[in-house]
**Q** 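Below is a structure I'd like to ask you about.
Note that ligands are numbered from 1 as they come in the structure, with each ligand's atoms numbered from 1 the same way. As the structure is a prediction and not an experimental result, all values here were calculated from the model.
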Amino acid sequence: MQTHGVATCVGIAWAVLLAVPIVSCSPASLSDNSTRTPAKGIDVGKLARFLSPTAKILFPGSTDFTAYTARWSNLEPPTPSIVVVAGIEKDVSKTVKFAFDYNIPILAYNGHHGTHTTLGKMDYGIEIYLPQLNTITIAKDMTSVTVGGGVNVKTLIDTLWEAGKQAVTGWCECVSFLGPALGGGHGWLQGHHGLISDQFLSMNVVLANGDLKTIDAHSDMWWGMRGAGHNLGIVTSVTTKIYDIVSPNWAIETIIFSGDKLKAVYEAANKDLLQNGTQSSDIHNWSYWQNDASLDPNNPVIIMFVVQEGVDVVDPRYTTPFHDIGPLMITPQSGTYKDLAAWTGIAKESPPCQDFGLNNPRFPIYLNEYNTTAMQKAWDIYAPAISGENNPYSLSIFMWEDYATAGVRARGVKSTAFAFRQDLILAAPLIIYAPNKARDLAVEQLGNKLRELVQEGTGRGSELHAYVNYAYGTEGPEAWYGYEPWRQNRLRTLKKKYDPKGKFSFYGPIA
Ligand SMILES: Cc1cc2nc3c(=O)[nH]c(=O)nc-3n(C[C@H](O)[C@H](O)[C@H](O)COP(=O)(O)OP(=O)(O)OC[C@H]3O[C@@H](n4cnc5c(N)ncnc54)[C@H](O)[C@@H]3O)c2cc1C
Ligand SMILES: *[C@@H]1O[C@H](CO)[C@@H](O)[C@H](O)[C@H]1NC(C)=O
Ligand SMILES: *[C@@H]1O[C@H](CO)[C@@H](O)[C@H](O)[C@H]1NC(C)=O
Ligand SMILES: *[C@@H]1O[C@H](CO)[C@@H](O)[C@H](O)[C@H]1NC(C)=O
Ligand SMILES: *[C@@H]1O[C@H](CO)[C@@H](O)[C@H](O)[C@H]1NC(C)=O
């Protein structure tokens, strides 16, 4: 843990960073403090002979090993014994086959932002590092792009932009393209086109036994790869739809409120949502509850981002209801699609994209509306839990993501393994703290308590809808993949057929 780096950098709230450059905030090189099981029993010489000249095998102690095993969250991180850096797609296939033959655990590493606590069960074996599979090839007809399995979101957005194109991708510049997509995948353009994985046309995937297969809608795996994909194989490349850039310009208003305005703020945000989610596809309301001592030294504040596509100023129709509530601060900005990540504090340079060595568990829940009674109850627990002098959780963020959803809901609910198409809001407390075993249980209890309070406002009883990619790790297959027995049966059938030995079961395992 680089306490020095933490103290000087993350103390600044995400959102308030907005356009402030934070070059000085890159963490000093993190050291590898994990206890690792030696690579005993892994015949590295033999494995090396199967790999291409561009592949690398790395051992603990080297700078690259430390860099390529770093995690965004250090709560129960995986601790592989060696790293195989794939140079070409076949390297993945050869490594998986080798591991299958010798019964060695494997785990694909991509943008390294996965947080499931079950990743910690990977305490021996081979990490397969994908980011060198970074090719991006736009098809001649300009309707699709083939993306290497390790391509990062920002690289893809920038490359397509140069060609006058866009794809549905995640919004955070530092995660991989595929990590989010395999669990469904949310992004700013989903209101028009659907989830990230809804755009897929075909993919190359390495199965548990090492076979490299090209699959598309004709494969029985296709349904499962789009929502529960982490469970079935390692995707080494994917071909996905791209679109013309229709509206390059976007605008945002960041409107900050004190906590006593909670009910008024979310009653306003609810207005159109209640109409069965008939809100227009060009508007997104996001909010974070987090500390900003300059605005309120004793409590978190509510930071509302109203984001609109195709305009230079957010339509007052959407912002006036919030202005009327009496915010502490209003900051309008305008630019292009490419500025969104920086505005909402998740650009490559922003704190959430740095590896500070912190623990970052989230406790996600999908909702259909803001229940302000339930939210107030959650606030009343959350605010004192993360505020006040020397609070160990002071960097925490309660996220309320209300993306446009028309394109997601327009597809059949059964069309893919992503189960929660009809839900409208993705909420999650993210409790940020420095690694400290003595706090882990209290944090888990706090996160679960906050989520339960929100759940009580849904009218769903104990049926929790949790986005698998934000999950803490203990929610279970029904909360991640849906409660309908046919879904669970279909997933189990696929798992049995394609990964009977559970090689791909460290992240969101299907029972
Ligand atoms: C700052 C931040 C921003 C985020 N933004 C978004 C967003 O905009 N939209 C969204 O939907 N989610 C978002 N998420 C959640 C995100 O989907 C998950 O954190 C996801 O696991 C990140 O993928 P990764 O490649 O970075 O992580 P990794 O830890 O490298 O991967 C997570 C797991 O995915 C599997 N995996 C990764 N790549 C492959 C592959 N090619 N083939 C097979 N399995 C693979 C592995 O099991 C791995 O353990 C965000 C998370 C954070 C922390
Ligand atoms: C990791 O090791 C470095 C160097 O030995 C040390 O400064 C740091 O405090 C350690 N961090 C943790 C979390 O143990
Ligand atoms: C965001 O809030 C505004 C103002 O209340 C509302 O008109 C709009 O419908 C909301 N948009 C979404 C996507 O919820
Ligand atoms: C919502 O959808 C239901 C079922 O489709 C319909 O009966 C109802 O009138 C809709 N309500 C609104 C406000 O659009
Ligand atoms: C809102 O949440 C409360 C619990 O906090 C619950 O009693 C109430 O029924 C919920 N309201 C609606 C409309 O679901």
Side-chain angles (χ1 to χ4, degrees), residues 71-73 78 92 107-116 119 122 128-131 133 148-153 169-188 190-191 195-196 203 205-206 225 229-238 265 267-273 275 277-285 304 306-307 315 317-322 341 345-346 350 352-353 360 362 364 368-378 401-405 424-426 430 453-459 467-471 504-508:
R71 302 298 300 177
W72 176 68
S73 176
V92 177
L107 181 66
Y109 269 54
N110 211 336
H112 73 274
H113 279 70
T115 50
H116 286 223
L119 287 167
M122 203 285 180
I128 303 177
Y129 184 77
L130 299 173
L133 303 181
V151 166
N152 141 285
V153 162
T169 67
W171 44 266
C172 176
E173 292 183 346
C174 53
V175 300
S176 68
F177 173 64
L178 272 160
L182 296 175
H186 292 294
W188 297 114
Q190 68 172 40
L195 297 168
I196 303 172
M203 60 171 68
V205 59
V206 172
M225 287 310 295
H230 319 88
N231 262 283
L232 301 173
I234 300 181
V235 180
T236 52
S237 63
V238 63
V265 170
E267 268 154 26
N270 249 343
K271 280 263 157 63
D272 295 350
L273 275 180
Q275 325 262 324
T278 52
Q279 73 247 30
S280 77
S281 287
D282 65 345
I283 191 94
H284 311 263
N285 291 335
M304 172 66 73
V306 186
V307 175
D315 189 333
R317 181 154 57 104
Y318 300 116
T319 51
T320 310
F322 294 122
I346 24 121
S350 310
C353 278
N360 296 318
R362 268 168 303 200
N368 276 327
E369 60 174 307
Y370 294 112
N371 178 327
T372 56
T373 309
M375 289 171 84
Q376 184 68 54
K377 285 185 186 166
E401 304 180 352
D402 170 15
Y403 284 109
T405 52
L424 302 178
I425 300 164
L426 172 55
L430 159 59
L453 290 171
V454 177
Q455 173 81 21
E456 280 166 19
T458 61
Y467 182 33
V468 65
N469 278 328
Y470 282 16
F504 304 120
S505 293
F506 293 115
Y507 186 96

**Q** Counting each atom of ligand 5 from 1 as listed, which ones have a heavy atom of Ala374 under 4.0 Å away?
**A** 2 (O), 5 (O)
**Q** Give yes or no for whether the N/O distance cutoff of 3.5 Å, strictly under, is met between Gly111 and ligand 1.
**A** yes
**Q** Looking at CD1 of Ile425 and OG1 of Thr405, how far apart are the two atoms once the value is rounded to the nearest 0.5 Å?
**A**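 Between Ile425 CD1 and Thr405 OG1, I get 9.5 Å after rounding to 0.5 Å.
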**Q** Any protein heavy-atom neighbour for atom 5 (O) of ligand 5 (distance below 4.0 angstrom)?
**A** yes
**Q** I need the atoms of ligand 1 closer than 4.0 Å to a non-hydrogen atom of Trp72, numbered in the order shown.
**A**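 By the 4.0 Å cutoff, the relevant atoms are 53 (C).
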**Q** Any donor and acceptor pair, going by atom type alone, linking the side chain of Asn368 with main-chain N or O of Thr458 inside 3.5 Å?
**A** no
**Q** Taking the non-hydrogen atoms of Arg362, is any one of them nearer than 4.0 angstrom to ligand 1?
**A** yes
**Q** I'd like to know if Gly187 contacts ligand 1, where contact means a heavy-atom distance under 4.0 Å to any ligand atom.
**A**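 No, that is not the case, since the closest heavy atom of the residue is not under 4.0 Å from the ligand.
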**Q** At what distance, to the nearest 0.5 angstrom, does OG of Ser73 lie from CG of Leu430?
**A**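 Rounded to the nearest 0.5 Å, the OG-CG separation comes out at 8.5 Å.
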**Q** Just let me know how Leu119 lines up against ligand 1, side chain, backbone, both or neither, with a heavy-atom cut-off below 4.0 Å.
**A**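 For Leu119, the contact with ligand 1 is made by the side chain alone.
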**Q** Do side-chain atoms of Asn110 reach the backbone of Gly149 as a donor and acceptor pair under 3.5 angstrom?
**A** yes
**Q** Counting only nitrogen or oxygen atoms and a 3.5 angstrom limit, does Val235 reach ligand 1?
**A**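 Yes, at least one N or O pair falls under 3.5 Å.
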**Q** Of Val468, Asn110, Leu182, Ile196, which has the heavy atom at the shortest distance from atom 45 (C) of ligand 1?
**A**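 Looking at heavy atoms only, Leu182 sits closest to atom 45 (C) of ligand 1.
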**Q** Under 4.0 angstrom from ligand 1, any heavy atom of Gly183?
**A**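 In this structure, Gly183 fails to qualify as a contact of ligand 1 - no heavy atom is under 4.0 Å.
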**Q** Counting from 1, what ligand 1 atoms have a heavy atom of Leu107 closer than 4.0 Å?
**A**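 Near Leu107, the atoms of ligand 1 are 49 (O).
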**Q** Considering distance alone, does some N or O of Arg317 sit under 3.5 Å from an N or O of ligand 3?
**A**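 It does not: no N or O of Arg317 is found under 3.5 Å from an N or O of ligand 3.
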**Q** So which of Trp171, Phe504, Tyr467 gets nearest to atom 10 (C) of ligand 1, if we judge by its closest heavy atom?
**A**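 Closest candidate by heavy-atom distance is Tyr467.
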**Q** Check the orientation of Tyr467 and His186. Use parallel for under 30°, tilted for 30 to 60°, and perpendicular for over 60°.
**A**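 Perpendicular, since the angle between the ring planes exceeds 60°.
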**Q** Number the atoms of ligand 1 from 1 as they appear, then name those within less than 4.0 Å of a heavy atom of Gly170, with their elements.
**A**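 Every atom of ligand 1 under 4.0 Å from some heavy atom of Gly170: 7 (C), 8 (O), 9 (N).
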**Q** Taking side chain to side chain contact (heavy atoms under 4.5 Å, CB included) as the criterion, tell me which of Ile234, Leu107, Leu232 meets it with Phe504.
**A**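 Single pass found, and it is Ile234.
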**Q** For Trp72 and His113, take the angle between the two ring planes, folded into 0 to 90°, and tell me which bin it lands in: parallel under 30, tilted 30 to 60, perpendicular over 60.
**A**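 Parallel: the ring planes of Trp72 and His113 meet at under 30°.
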**Q** Which of the atoms in ligand 1, numbered in the order shown and given with their element, are less than 4.0 Å from a heavy-atom of Tyr109?
**A**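 Those of ligand 1 that fall under 4.0 Å from Tyr109 are 30 (O).
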**Q** CD of Glu369 to NZ of Lys271: how many Å apart, nearest 0.5 Å?
**A** 13.5 Å
**Q** If we only count N/O pairs under 3.5 Å, is Ala268 in contact with ligand 3?
**A** yes
**Q** Which atoms of ligand 5 sit under 4.0 Å from any heavy atom of Gly457?
**A** 1 (C), 2 (O), 14 (O)
**Q** At a 4.0 Å threshold, what atoms of ligand 1 neighbour a non-hydrogen atom of Tyr470?
**A** 12 (N), 13 (C), 14 (N), 15 (C)
**Q** Tell me whether Phe322 reaches ligand 3 (any heavy atom closer than 4.0 angstrom to a ligand atom).
**A**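 In this structure, Phe322 qualifies as a contact of ligand 3 - some heavy atom is under 4.0 Å.
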**Q** Identify the protein heavy atom lying closest to atom 7 (O) of ligand 5, giving its residue, its atom name and the separation to 0.1 Å.
**A**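 Here the nearest protein heavy atom works out to Glu456 O, 4.9 Å.
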**Q** For Asp402, does its backbone N or O pair with a side-chain atom of Asn285 as donor and acceptor, under 3.5 Å?
**A**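 Not at all, since once roles are kept as given, no pair shorter than 3.5 Å links the two residues.
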**Q** For Glu401 and Tyr470, which I'm curious about, is there any donor-acceptor pair between the side chains at under 3.5 Å?
**A** yes
**Q** To which protein heavy atom is atom 10 (C) of ligand 5 closest, and what is the distance rounded to 0.1 Å?
**A**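 Nearest neighbour among protein heavy atoms for atom 10 (C) of ligand 5, to 0.1 Å: Asn371 ND2, 2.4 Å.
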**Q** I need the atoms of ligand 1 closer than 4.0 Å to a non-hydrogen atom of His186, numbered in the order shown.
**A** 7 (C), 8 (O), 9 (N), 10 (C), 11 (O)
**Q** Working to the nearest 0.5 Å, report the span between OH of Tyr403 and CD1 of Ile283.
**A** 15.0 Å
**Q** For ligand 1, does Leu130 get within less than 4.0 Å through its side chain, its backbone, both, or neither, judged by non-hydrogen atoms?
**A** side chain
**Q** Only heavy atoms of Gly149, strictly under 4.0 Å: list the atoms of ligand 1 that pass.
**A** 41 (N)
**Q** Out of Gly179, Ser176, Cys174, indicate the one that has the non-hydrogen atom closest to atom 25 (O) of ligand 1.
**A** Ser176
**Q** Passes side-chain contact (heavy atoms from CB on, under 4.5 Å), Asp282 versus Asp315? Steps please.
**A** CA-CA 11 Å; Asp282 65 345; Asp315 189 333; over 6 Å; no
**Q** Number the atoms of ligand 3 from 1 as they appear, then name those within less than 4.0 Å of a heavy atom of Tyr318, with their elements.
**A** 3 (C), 4 (C), 7 (O), 8 (C)
**Q** Keeping Gln190 on the side-chain end and Ala404 on the backbone end, is there a donor-acceptor pair under 3.5 Å?
**A** yes
**Q** What is the distance from atom CD of Gln376 to atom CG of Leu453, rounded to the nearest 0.5 Å?
**A** 11.5 Å
**Q** Run the side-chain contact (heavy atoms from CB on, under 4.5 Å) check on Asn469 and His230 step by step: do they pass?
**A** CA-CA 10 Å; Asn469 278 328; His230 319 88; 3.4 Å; yes
**Q** Answer with side chain, backbone, both or neither: which part of Tyr507 has a heavy atom less than 4.0 angstrom from an atom of ligand 1?
**A** side chain
**Q** Relative to ligand 1, is Arg71 under 4.0 angstrom through side chain, backbone, both or neither, heavy atoms considered?
**A**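 The answer is the side chain of Arg71.
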**Q** Less than 4.5 Å apart, any side-chain heavy atom of Leu130 and any of Leu178?
**A**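 No, side chains not in contact.
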**Q** Near His112, which atoms of ligand 1 are under 4.0 Å from a heavy atom of that residue?
**A** 24 (P), 26 (O), 27 (O), 28 (P), 29 (O), 30 (O)
**Q** Can you tell me how far the OH atom of Tyr109 sits from the CZ atom of Arg71, to the nearest 0.5 Å?
**A** 4.5 Å
**Q** Is Ala269 close enough to touch ligand 3? Criterion: a residue heavy atom under 4.0 Å from a ligand atom.
**A**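 The answer is yes, since Ala269 has a heavy atom less than 4.0 Å from ligand 3.
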**Q** Just to be sure I'm reading this right: ignoring hydrogens, which of Gly345, Gly229, Gly233, Pro180 gets closest to atom 43 (C) of ligand 1? Compare them by their nearest heavy atoms.
**A** Gly233
**Q** Given the rule in the side-chain contact (heavy atoms from CB on, under 4.5 Å) test, do Phe177 and Ile196 qualify, once you have shown the distances and angles that lead to the verdict?
**A** CA-CA 9 Å; Phe177 173 64; Ile196 303 172; 3.5 Å; yes
